[in-house]
Structures are given as structure tokens and as C-alpha cells.
Amino acid sequence: MPELPEVETIRRTVAPVIGRRVSRVRLLRRDVVITPDDPFGGASRARGGRPSRQRRVRDEELLAGARIAELRRHGKQLAVLSDSGRVVVIQLGMSGRIALHDSRAAREAHTHIEWLLDDGSLLRFIDPRRFGGVRTLERVDELNELWTATLGPDALGIRADALHRALSRTSRPIKNALLDQRVLAGVGNIYADEALFASRLHPERLANDLSPGEVKTLAIAIRKTLRLAVEHRGSTLRDYRDASGSPGEFASRHAVYGRSGQACRSCESVLCSARVAQRTTVWCPGCQPHSSTRNTHRDASDR
DNA sequence: CCTTAATCCTGGAAGC
DNA sequence: TGCTTCCAGGATTAAG
């Protein structure tokens, strides 16, 4: 669920763990650990993979005994680097959360991993739907390999030329391309719709059909939308919370996401919605015309 | 290449 | 009130 702004907000609010030593780890659900045998985690479990056959996970792999040195984010993934060289990469999926408690707070449902730190604080990975998971790496260079092999450039700093390079290679609708983490890392359903609105681009325009000027506008809109969302500590729709338990404030500023059937704040047209890239997609028919031919597609049935 | 459907799982909201 | 159905911020694979 969390997209880049939410993960970045979590990274910032979890920063007090830097410099702390992990005195104890509790793995309450072994199958949230994504192993090389099960490289795709939740999705491969979806094919009927057997969690019971997961190999044993040693506490050291989850940083037991190590000192936390750095928190790094790329796209929607958060990496916890330790002075032992070991790394834990956290992917939150749809419903994943990180909680940092300063005392021994009660364990809530769906807590899968707990790290007890040497100052008495408690870091928890909580994920009701379990679409998320963690990977354990032995060395930092494996992190660089993982991220360069599976993720495109980070969306928060995306430049027009890099975006143009990535988009020119695919003829999918722009919305599909933006959701593909190998094209651009960090954008999900909310911020894809928001950035497309800010760029005045129809979500079904083809990625490799955008002019250089349109791509430049889009790159600027992505950076600006994400930066603004980070400033507002992310969007909370239902259960997103940062590591200290606070909701994000950005949802009230959404221009299109979640506003199907309501008036566009810019031109007062009624916002449209339809399935694009298998996701509910909202746009303004006035501000985001589908330049080619006429408007073929519309589905203003909201609610 | 690209699209669609299906899958993992829980819980909140809406419908009847 | 209670039961059922739909929907959700993600990511992946198989099949067409």
C-alpha cells in the first residue's frame, strides 16, 4: 500500500534506530522472509508455494547482535544496513507497516517480526495481508545488485532524460508504465493518477508516444507531487501510519485520486474513472484530453 | 512485447 | 442487526 512518500516518511520516523544494537530478534512468521528459494515472496506463495518448507532463518540474518548503521530507501523498498555488512530489505506491500515503540507496547495483531534494541525500543514489522516481506542480504553490494536489477530510477529524483529513456522503450499506456517498478521506482496507484493530472496527460496515452516536452512536464510533476506528499507525511486512506503511529496529511489534497464523480478543482468537469492497468484510475476529462482522435472511453459511473 | 486473470490475505464499507 | 459482496495503497506468474 505505501508508495514512495509513505516509505520515505517511515524512513525518517524510524531514524532513531540508527546507532542502536539489535539485542534480540523475534521472527513470529517465518514465511514473511523472502528466501532465494522463494525469490518473489508473496507472489510466489500465491502460486501455491509451501511456506512450511521455508528454510530456517538465523537471527543473525535478521541483524541480531549487529549495530544499525543506515536506513536507505529506493522506490518503495526500505533497507536497514548494519555494521556487520548484513542488510534487511523491507517491502511493505499493500498493508505493511513499521512501528517504532519507545517502550514495551502491546503487540498488535499481524506483527511478524520484532527487533528489540539496546535502548529498550522495539521495532516491529506488521502486515495483515502479508503481501509484503523482508529479504536478508549478507553484504551491501547485494543490495546494489538487487536494486539495479529489479528497480528503475528512484522517482523522487527522476530527471526528464532518464524518464524519456525508460518510456521510449515501451508502448503501454503511460499509467501502466508508471506503475512498473522496473521503469520507475516508487510510484503507485495514487501518485500515478496525481502526477498524470498535474501533467494534464490522459492515463491511456501511450508511453512512447509522448513528446519530449510532455515527458519533461511529467518528470517535473512526479518530483513535485512526491516531494509535496513527503512534506505532508504521506497519504493516509485507511491504515497507513508512520513509524511513530501518525497518519499522513496528504490525502485531503488529492486532486483526482478517490474523487471520481466529483468536480475537478481546476475546470469543474466531473472526474471520470475506469480500470487502467487493472487499477481504478481517475482523471479529468477536461484537463487531461486523450489527444489522439476522440474520447473513446468514458465511464462516469462513480460511487 | 503487451494484456488479462488469478493469486497471496485481511478487514472495512456498502448492499440487501 | 447480520450476512454477503465488493473493494483496497502491490507484485508476480501463466496463459493468450
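Remember, it's a predicted structure, so these values are computed and weren't measured experimentally.
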Strand DNA chain B in bracket notation, Watson-Crick/G-U under 3.5 Å with | for pairs to another chain: .|||||||.|||||||

message: Using OP1 and OP2 only, check whether a side-chain N or O of A/H110 sits under 4.0 Å from B/dG11.
response: yes

message: Can you see if the side chain of A/Q181 gets near the phosphate of C/dA11 - specifically, an N or O under 4.0 Å from OP1 or OP2?
response: yes

Would you mind classifying the nucleic acid contact of [X] as base, sugar-phosphate or nothing, using non-hydrogen atoms under 4.0 angstrom?
X: A/P5; result: nothing
X: A/T170; result: sugar-phosphate
X: A/T236; result: base
X: A/Y257; result: sugar-phosphate

[X] side-chain proximity, nearest of [options]:
X: A/K76; options: C/dG9, C/dG10, C/dA8; result: C/dG10
X: A/R238; options: C/dA11, B/dG11, B/dC9; result: B/dG11
X: A/F131; options: B/dT10, B/dC9, C/dG9; result: B/dC9
X: A/S171; options: B/dT10, C/dG9, B/dC2; result: B/dC2

message: Does either side chain, that of A/H254 or that of A/R259, offer a donor lying less than 3.5 Å from an acceptor on the other one?
response: no

Between the protein and nucleotides 4-6 of chain B, list the N/O to N/O atom pairs that are separated by less than 3.5 angstrom.
residue	atom	partner	partner atom	Å
B/dT4	OP2	A/Q278	OE1	3.2

query: Does A/R135 pair with A/E142 as a salt bridge, N-O distance under 4.0 Å?
result: no

- request: State plainly whether the residues A/R279 and A/D193 are in salt-bridge range, i.e. N to O under 4.0 Å.
  value: no

statement: For A/V87, the other hydrophobic cluster members (4.5 Å side-chain criterion, sorted by chain and number) are A/L81, A/V89, A/L137, A/V140, A/L143, A/L146, A/W147, A/L151

query: What pairs of residues pass the side chain to side chain donor-acceptor pair (under 3.5 Å) test when at least one of them lies in residues 178-190 of chain A, not counting sequence neighbours?
result: A/R172-A/D180, A/K175-A/N189, A/D180-A/R182

message: Show me the pairs that pass salt bridge (charged side-chain N to carboxylate O under 4.0 Å, His left out) and involve residues 220-238 of chain A, at least two apart or across chains.
response: A/R233-A/D242

query: What residues form a salt bridge (charged side-chain N to carboxylate O under 4.0 Å, His left out) with A/E60, not counting sequence neighbours?
result: A/R58

Test item: A/S199 side-chain N/O and A/A195 main-chain N/O as donor-acceptor pair under 3.5 Å: yes

task: Any chance you could lay out the side chain to side chain contact (heavy atoms under 4.5 Å, CB included) test for A/V230 and A/F250, step after step, and finish with the verdict?
output: CA-CA 8 Å; A/V230 170; A/F250 192 66; over 6 Å; no

message: Taking the nucleotide of DNA chain C with the nearest heavy atom to each, does A/R129 or A/L179 sit closer to the 5' end?
response: A/R129

